[in-house]
Amino acid sequence: MGAGTVPRRRAARHPPADRPRRPADGGPHPGLGSQPYDQAALECFTAERDIIRHHTPQVPVPTNFTASFQHLDCRRWAAEEDVATIDVYPDSSDPEGQLLAACNFDLMRSLRGGRPWLLPESATGANVPRRRNSARPAGQLRVRSLQAPARGSDSVMCFQWRQSRAGAERFRSAMLPHGGTRTRTWREVTELGRDLRTLAGLAGGRAETAEVAVVWDWDNWWALEGPNHPSAGLAFQGRGLDHYRPLWGANLPVDFLHPHHDLGAYPGPRPLSPRSATAPAFAPPPGSWRRTVAAERATRAPPTPRARRRPAVPVTSARRHAGSG
């Protein structure tokens, strides 16, 4: 650089004032990633649904939900389906597996205003995708399966019928396991079938409005768990279960509603009695349909000396009117 010369300054590269700044983590709206995916997937479903309806208008068209899946607004999807359906595979060794299943069952009943829904997939035993696949305790299949019709389902179906001899699902449980018909699994499956046959009169019935409503909204879920928030400690589903857990323990079915839903049909707040959270059963009101089955504790192996015993928790139903549409 020669004497008396002034270095050239590089012009600062600032965007025009009217151009929105791009966040450091990408995208002008990084927290809205689920919404375009949900919309695109729903458009694919409705296109295929319309083709099926054109050729076989008498055949109902559902698609299986996978529990309370974050990236799909199941309420919008259910409005486009002929019947809501869900696949549920709670871990047989999870102490709250029955609670999680019940929450999803109440959600399915709520998506279409109490109309019947279907359970097309569940497991009779081990479910391969987990790191450790525990054998199902004796009696647990009946307890957890009967929760479905108790909370509005018209079906209890299992995947798969016959356990595969080879391939990726050879260790996945089935109604007919490798051991054949002289197994506990086969006996429990046939006993469950007899139980369901006695409930056949409930098929097609519509559940009454529950006593309790919980607001459940996918837009709020996506917004709550987006990036750049003051805290990452809030989890939508976890907080929802914190509210659901005592209601389930008190034998109170729950309706999951959209924020704009009219709450006039639901009574005002009332405290739960201390006994209601641990009582094994309670007397149903006259004319209602409630079914209480064996407590979860009876389906588990005896606890170790250091294990804490959990209170017996019954499974109760939303009230249903058979044949009411």
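FYI, side chains are in, hydrogens and waters are out, and symmetry mates aren't considered; it's all heavy atoms of this structure.
Of all non-hydrogen atoms in Ser155 and Ala148, the two that sit nearest each other are O-CB, 4.3 Å. In terms of heavy atoms, Arg172 sits closest to Gln163 at O-NE2, 3.0 Å. Taking every heavy atom of both residues into account, Gly125 and Ser173 meet most closely at N-OG, 3.0 Å. Listed here is the closest heavy atom pair of Leu176 and Arg162: CD2-NH1, 3.4 Å. In terms of heavy-atom proximity, Gly114 sits nearest to Arg206 at O-CG, 3.4 Å. The heavy-atom pair separating Pro90 from Ala101 by the smallest distance is CG-CB, 4.2 Å.
In this structure, Cys74 SG and Glu81 CD are separated by 8.5 Å, a value rounded to the nearest 0.5 Å. With rounding to the nearest 0.5 angstrom, the CG atom of Asp106 is 9.5 Å from the CG atom of Leu247. Taken from OG1 in Thr124 to CD in Gln140, the straight-line distance is 11.5 Å, to the nearest 0.5 Å. For the atom pair SG of Cys158 and CG of Leu119, the computed distance is 7.5 Å after rounding to the nearest 0.5 Å. Phe65 CZ to Asp87 CG: the interatomic distance, rounded to the nearest 0.5 Å, is 10.5 Å. In this structure, Asp73 CG and Asp217 CG are separated by 7.0 Å, a value rounded to the nearest 0.5 Å.
You'll find the side chain of Val214 stays beyond 4.5 Å of the side chain of Asp255, heavy atoms only. Residues Trp77 and Asp38 form a side-chain contact, since some pair of their non-hydrogen atoms from C-beta on lies under 4.5 Å apart. Pro62 is not listed as a side-chain neighbour of Leu118, based on a closest heavy-atom distance of 4.5 Å or more. Tyr266 has its side chain out of reach of Glu211: every pair of non-hydrogen atoms, C-beta onward, lies at least 4.5 Å apart. Here the side chains of Pro253 and Arg151 are in contact, with some heavy-atom distance below 4.5 Å.
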query: Can you check side-chain contact (heavy atoms from CB on, under 4.5 Å) on Val88 and Glu121, steps first, answer last?
result: CA-CA 6 Å; Val88 171; Glu121 286 193 28; over 6 Å; no
- prompt: Would Leu199 and Asp195 satisfy side-chain contact (heavy atoms from CB on, under 4.5 Å), going step by step from the backbone distance to the final call?
  reply: CA-CA 7 Å; Leu199 303 177; Asp195 287 334; 5.8 Å; no
task: Apply side-chain contact (heavy atoms from CB on, under 4.5 Å) to the pair Arg182 and Arg187, showing each step before the final yes or no.
output: CA-CA 8 Å; Arg182 293 187 295 179; Arg187 289 195 301 271; 5.9 Å; no
task: Could you walk me through whether Arg75 and His258 pass side-chain contact (heavy atoms from CB on, under 4.5 Å), step by step?
output: CA-CA 8 Å; Arg75 184 170 282 109; His258 188 272; 4.0 Å; yes
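Every residue two or more places apart in sequence or in another chain that forms a side chain to side chain donor-acceptor pair (under 3.5 Å) with Thr85 is listed here: Asn64.
A salt bridge links Glu80 with Arg49: the closest approach of a Lys/Arg side-chain nitrogen to an acidic carboxylate oxygen falls below 4.0 angstrom.
For the pair Arg115 (side chain) and Ala84 (backbone), a donor-acceptor distance under 3.5 Å is absent. Between the side chain of Asp154 and the backbone N or O of Gly204, at least one donor-acceptor pair lies under 3.5 Å. Proximity of a side-chain donor or acceptor of Ser145 to a complementary backbone N or O of Arg142 within less than 3.5 Å is not detected. Although no hydrogens or angles enter the test, the distance criterion places a donor-acceptor pair under 3.5 Å between the side chain of Arg112 and the main chain of Ala78. A side-chain donor-acceptor contact under 3.5 Å links Asn104 to the backbone of Leu100. A donor-acceptor pair under 3.5 Å is absent between the side-chain atoms of Thr183 and the main chain of Gly179, judged by distance alone. Judged by distance alone, with hydrogens and angles left aside, the side-chain atoms of His178 form no donor-acceptor pair with the main-chain N or O of Phe171 at under 3.5 Å.
Ile86 and Phe69 end up in the same hydrophobic cluster when Ile, Leu, Val, Met, Phe, Trp and Tyr side chains are linked at under 4.5 Å. Leu99 and Leu252 fall within the same hydrophobic cluster, where Ile, Leu, Val, Met, Phe, Trp and Tyr residues are linked whenever their side-chain heavy atoms come under 4.5 Å apart, directly or through other members. In terms of hydrophobic clustering, with Ile, Leu, Val, Met, Phe, Trp and Tyr side chains grouped at heavy-atom distances under 4.5 Å, Leu72 and Phe45 are assigned to a common cluster. Cluster membership for Leu241 and Leu224, using ILVMFWY side-chain heavy atoms within less than 4.5 angstrom, is not shared. When the side chains of ILVMFWY residues are joined at heavy-atom separations under 4.5 Å, either directly or via intervening members, Leu146 and Tyr89 end up in two distinct hydrophobic clusters.
Sorted by first and then second residue, the side-chain hydrogen bond (donor to acceptor under 3.5 Å, both in side chains) pairs with a member in residues 229-243 read Ser68-Gln237, Asp242-Arg245; sequence neighbours excluded. Screening residues 50-59 for side-chain hydrogen bond (donor to acceptor under 3.5 Å, both in side chains), with sequence neighbours left out, gives Arg53-Asp82.
Using the six-membered ring where Trp is involved, Phe256 and Tyr244 have ring planes that are parallel, under 30° apart on the 30 and 60° scheme. Under the 30°/60° scheme for interplanar angles, the aromatic rings of Trp218 and Trp221 are found to be tilted.
For Phe236 and Trp222, the ring centers sit 6.0 Å or farther from each other.
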